[in-house]
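Each remark here refers to the structure printed beneath this line.
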Amino acid sequence: MSKNQNKTGSYSFFNCIEKNFDKAAQFISIEKGLLEQIKACNSVYRMHFPVKIGKEIKVIEAYRVQHSHHKLPCKGGIRYSMKVNQDEIMTLAALMTYKCAIVDVPFGGAKGGIKIDPQTISSENIEKITRRYTSELIKKNFIGPGIDVPAPDYGTGEREMSWIFDTFLSLRSGDVDALACVTGKPVSQGGVRGRKEATGLGVFYGIRELCHVKEDMYSVGLDVGLVGKKIIIQGLGNVGYHAASFFHENGAIIIALAEREGAIYNKKGLNVSKVFLHLKNNGSILNFPEAKNIKNTEKALELECDILIPAALENVIHKNNANRIKAKIIGEAANGPITPEADEILDKKGVIIVPDIYLNAGGVTVSYFEWLKNLSHVRYGRMEKKFRENVNAEFLKVIETFCKKTISIKEKKMILRGPREIDLVRSGLEDTMINGFHKICDIKKSLKIENMRTAAFVLSINKIIDSYERLGIFP
Ligand code: GLU
């Protein structure tokens, strides 16, 4: 039995998602066969390939799973971790399907994984493995702008995406849309501004939206608004790091940060940028001068707080610790951080859980923007920035003449500016996260569903059903 299964009781990670799906299915009246089709993983590609590392030949185990083809291309990250296994990648691919549907990103879900520990492998060897993995995907037609588009995930980032693009291009030379074969690339390699921080920023937008709903806040005994809320973040990878920064910059109080080696705590609040500087200089968050160390990092999840953000790996809140969680709101920045048993315990305690399939969809949303940019071969804002600035200047002139008043230089600068790529990407992301939140709330209210997760699944499954029916596969 794997560690995951110990924490999740008798089911696998994929069973956990099926359980959530089945709860939502009770609110949907549609033929059972269609629901079964939506649930199933369409294609699972498990591969082994040899890579020469030093003088030895190492056999590498890797996966790419395409959960759903109701929309194409398929989309989802690639993770590098020793915990990678088929069940995990299948589950994460399924989550991508539901996630994309909620935020109106027209892709089917996919996920990839390579069973390696990137911390212990040199960058030359990671490059070798990444390129070999990409060529395996190309051989089996598992990658391409209209087929399946990978992105970063746990243990991968811009660097790996660059290698994937370069390998794809060298084997598909002349493909004018090759840039769109992968997202999360560096901006200099066809990436889009705002992709790196997108998941963390999406988490921030989603939680901020919840904090403005009076009934929800009163139901857990909190005031309306994000300012002053006490937050704990577990995991300081790309998602946790950016989420912590956005919460801190916008007036929330980060009372604890937890990493693999331990956690740090200060009930008055941590200065997030100082903590990151400390982490950069010391290789660990521990011994930060303005905080107390907590040796057992899992204990940080159980501290008194308003909002808990698990932003690392799956199944960190399980049946054995759920009862000790004191947070009033849990925002799932990671994929699958709460097991179904823990979910039930927390539901009974009245904790509001903002589910992963909505809350961490900011990454794939901006990946979608990057994919569109790559296919249109032009930077966002390039065509209209100057035009807007000229129109705004004309407007301003009219207003100044009409009001017989001159506007200050600072105000002028703000009013005159045309949109840059980062402005458009962020406003697209903000709008997407706000809309998604309210669509989930509307379903929750109209069907009298008790929690956000089930409502989010209902919203998502309904959208997928609609696509299948329009495809005409099910007469
Ligand atoms: N790995 C991210 C996720 O789990 C992003 C996927 C993507 O951008 O395609 O949502």
Side-chain angles (χ1 to χ4, degrees), residues 13 17 63-68 71-81 84 88-114 137 142-158 160-161 164-165 179-186 190-192 194-203 205-206 235 237-243 310-314 331-337 355-374 425 428-429 432-433 436 456 460:
F13 192 21
I17 302 306
Y63 300 86
R64 184 72 185 170
V65 173
Q66 296 173 349
H67 172 259
S68 180
K71 298 242 180 208
L72 285 171
C74 293
K75 187 87 190 78
I78 295 179
R79 61 172 52 189
Y80 290 180
S81 146
V84 160
E88 180 194 49
I89 302 300
M90 282 169 66
T91 313
L92 296 170
L95 286 173
M96 285 307 302
T97 296
Y98 305 127
K99 202 185 290 190
C100 289
I102 287 177
V103 287
D104 286 328
V105 166
F107 298 144
K111 201 77 166 198
I114 306 185
L137 294 179
F142 259 69
I143 184 170
I147 299 167
D148 190 345
V149 181
D153 199 86
Y154 188 81
T156 59
E158 289 185 343
E160 287 74 14
M161 302 308 118
I164 292 175
F165 162 62
L179 267 177
C181 78
V182 61
T183 61
K185 304 178 291 293
V192 75
R195 173 63 186 87
K196 218 184 197 167
E197 66 273 29
T199 313
L201 184 56
V203 169
Y205 286 142
N238 181 46
V239 180
Y241 165 81
H242 285 109
L313 284 171
E314 51 263 22
E332 294 187 320
N335 289 310
D356 49 2
I357 55 168
Y358 157 69
L359 195 65
N360 70 31
V364 76
T365 301
V366 177
S367 272
Y368 172 45
F369 301 157
E370 180 175 334
W371 182 75
L372 292 172
K373 172 185 181 179
N374 296 153
V425 164
L429 173 61
T432 303
M433 293 308 292
S460 175

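Whatever order the structure lists ligands and atoms in, that order sets their numbers, starting from 1.
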Lys196 and Asn238: side chain donor to acceptor below 3.5 Å: no

Flag for Asp148-Gln66: side-chain donor and acceptor within less than 3.5 Å: yes

N-O pairing of Glu370 and Lys185 below 4.0 Å: yes

Beyond-backbone contact of Lys111 with Asn335, side-chain heavy atoms, under 4.5 angstrom: yes

Exceeds 12 heavy-atom contacts within 6.0 angstrom, atom NZ of Lys71: no

Expected rows: ligand 1 N/O, protein N/O, dist below 3.5 Å:
{"unit_1": "ligand 1", "atom_1": "1 (N)", "unit_2": "Pro152", "atom_2": "O", "d": "2.8"}
{"unit_1": "ligand 1", "atom_1": "1 (N)", "unit_2": "Asp153", "atom_2": "OD1", "d": "2.7"}
{"unit_1": "ligand 1", "atom_1": "4 (O)", "unit_2": "Lys99", "atom_2": "NZ", "d": "3.1"}
{"unit_1": "ligand 1", "atom_1": "4 (O)", "unit_2": "Lys111", "atom_2": "NZ", "d": "2.9"}
{"unit_1": "ligand 1", "atom_1": "4 (O)", "unit_2": "Asp153", "atom_2": "OD1", "d": "3.4"}
{"unit_1": "ligand 1", "atom_1": "4 (O)", "unit_2": "Asn335", "atom_2": "ND2", "d": "3.4"}
{"unit_1": "ligand 1", "atom_1": "8 (O)", "unit_2": "Arg195", "atom_2": "NH2", "d": "3.1"}
{"unit_1": "ligand 1", "atom_1": "8 (O)", "unit_2": "Ser367", "atom_2": "OG", "d": "2.6"}
{"unit_1": "ligand 1", "atom_1": "9 (O)", "unit_2": "Lys75", "atom_2": "NZ", "d": "2.8"}
{"unit_1": "ligand 1", "atom_1": "10 (O)", "unit_2": "Lys99", "atom_2": "NZ", "d": "2.7"}

Minimum side-chain heavy-atom gap Ile114-Arg79 below 4.5 Å: no

